[in-house]
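Starting from 1, each residue takes its place in the sequence as its number. Computed from a prediction, not measured in an experiment: that's the story for all the values here.
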Amino acid sequence: MNCISILIPARNVDVSSLVKVLHEQAERAAICYEIIVADDASDNDEVKAKNQSIQHLPHVRLMEFSHRQGRSAVRNKLWQAARYEWFLFIDGDMQIKNPDFLITYLNYISPQYAAICGDYELAELSPQLAQATLRYRYEQQIKHQRTRSWRQQHPYRAFRVCNLLIQRAAMAAHPFDEAIQRYGYEDLLLAKELQTASLTILHIDNPVLFAHFDSNEQFLRKTEIGLETLFSLRSSLAGLSTLLRTVRMLQRFHLVFLLRALSVRMLPYLRRNLLSAQPSLLFFKVYKFSYFLQIK
């Protein structure tokens, strides 16, 4: 029987419901498993108390850090503490929709796959809230483009760690890069390493539910931090990032200097729209490009 270690990184997010659902599924199916939650120095006492309540469940452990580890480091600490040969990473703010979520993954486990990606779905919002929430609209656009067929044709570009089953051997050989201290692109960098090592990634339909959406201001700030991270990794991720490919093409035509000068004037106007109740996805795309050109 294949055994899995379910690994959940969390910071200031209540994971008690997520853990209970996973625990109930595992117990009902009588599978070999453990669940480990890593609280990355949460400063919300109410959330910490709720997460501490999971410790009475069999096969469940809670790791609490007093100082921030960072997104990559906390994931490394999770798998290093795990005992089994397959690691199932699930982000703490996700929900489980499929009543056979764990069994579905177990049915796909094979030595030929280094990793199996289950993807995610979006929770439904009211039409008014959906229109006003930039993160929701952006993720919705991505989901329309990234069907399972597309994901399997582009297995490394579609790689995400929010819902990922990966072999211990692959993870040990290619741990998360702890040099990435801030938000963004640790999953794409791992995908690049798996690609370089010619390790196979399988994409399946076994989604988690993405139900927590940042405010427009929060999402815009996360996007900016992510772009700064991308800039620092630009030599490593050139083949997997559409934005980097676009910038490289513009550099060949010597257009970057001109566009940089234009973009610095556009940014305040674009930002105003993106923080409004009717943010434009086109403006968001232009904003990301413009912001990236300003990074030095």
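- Cluster membership for Phe292 and Leu267, using ILVMFWY side-chain heavy atoms within less than 4.5 angstrom, is shared.
- Between Asp119 and Arg148 there is no salt bridge, since no side-chain N of the basic residue sits under 4.0 Å from a carboxylate O of the acidic one.
- Aromatic ring centres of Tyr84 and Phe87: separated by at least 6.0 Å.
- Gln69 is listed as a side-chain neighbour of Lys77, based on a closest heavy-atom distance under 4.5 Å.
- A salt bridge (Lys or Arg N to Asp or Glu O under 4.0 Å) with Arg11 is found for one member of Asp43, Asp91, Asp39, Asp93 and no other, namely Asp43.
- Formation of a donor-acceptor pair under 3.5 Å by the His154 side chain with backbone atoms of Trp150 is found in this model.
- In the displayed structure, Gln80 atom CD is contacted under 6.0 Å by more than 12 heavy atoms of other residues, nucleotides or ligands.
- Leu164 and Cys117 get closest at one heavy-atom pair: CD1-SG, 3.8 Å.
- Residues forming a salt bridge (Lys or Arg N to Asp or Glu O under 4.0 Å) with Lys97 (at least two apart in sequence, or on another chain): Glu121.
- Relative ring orientation between His23 and Tyr33 is described as perpendicular, the plane-to-plane angle rising above 60° on a 0-90° scale split at 30° and 60°.
- Legend: residues meeting side-chain contact (heavy atoms from CB on, under 4.5 Å) with Gln152, ordered by chain and number and at least two apart, are Leu202, His203.
- A salt bridge is defined here as a Lys NZ or Arg NE, NH1 or NH2 lying under 4.0 Å from an Asp or Glu carboxylate O, and Lys288 with Glu224 fails to meet this definition.
- The side chain to side chain donor-acceptor pair (under 3.5 Å) analysis of residues 101-114, with sequence neighbours excluded, yields the pairs Asn98-Thr104, Tyr105-Asn163, Ser110-Gln112.
- The aromatic rings of Phe219 and Tyr138 sit tilted, their planes meeting at an angle between 30° and 60°.
- Residue Glu217 qualifies as open at atom CD: its count of foreign heavy atoms under 6.0 Å is 12 or below.
- The local environment of CZ in Phe284 is crowded, with over 12 non-hydrogen atoms from other residues, nucleotides or ligands closer than 6.0 Å.
- A distance-only check finds no donor-acceptor pair linking the side chain of Asp100 to the backbone of Ile103 [under 3.5 Å].
- Nearest heavy-atom pair across Ala82 and Leu7 is CB-CD2, 4.1 Å.
- Within a 6.0 Å sphere centred on CZ of Arg248, heavy atoms belonging to other residues, nucleotides or ligands number 12 at most.
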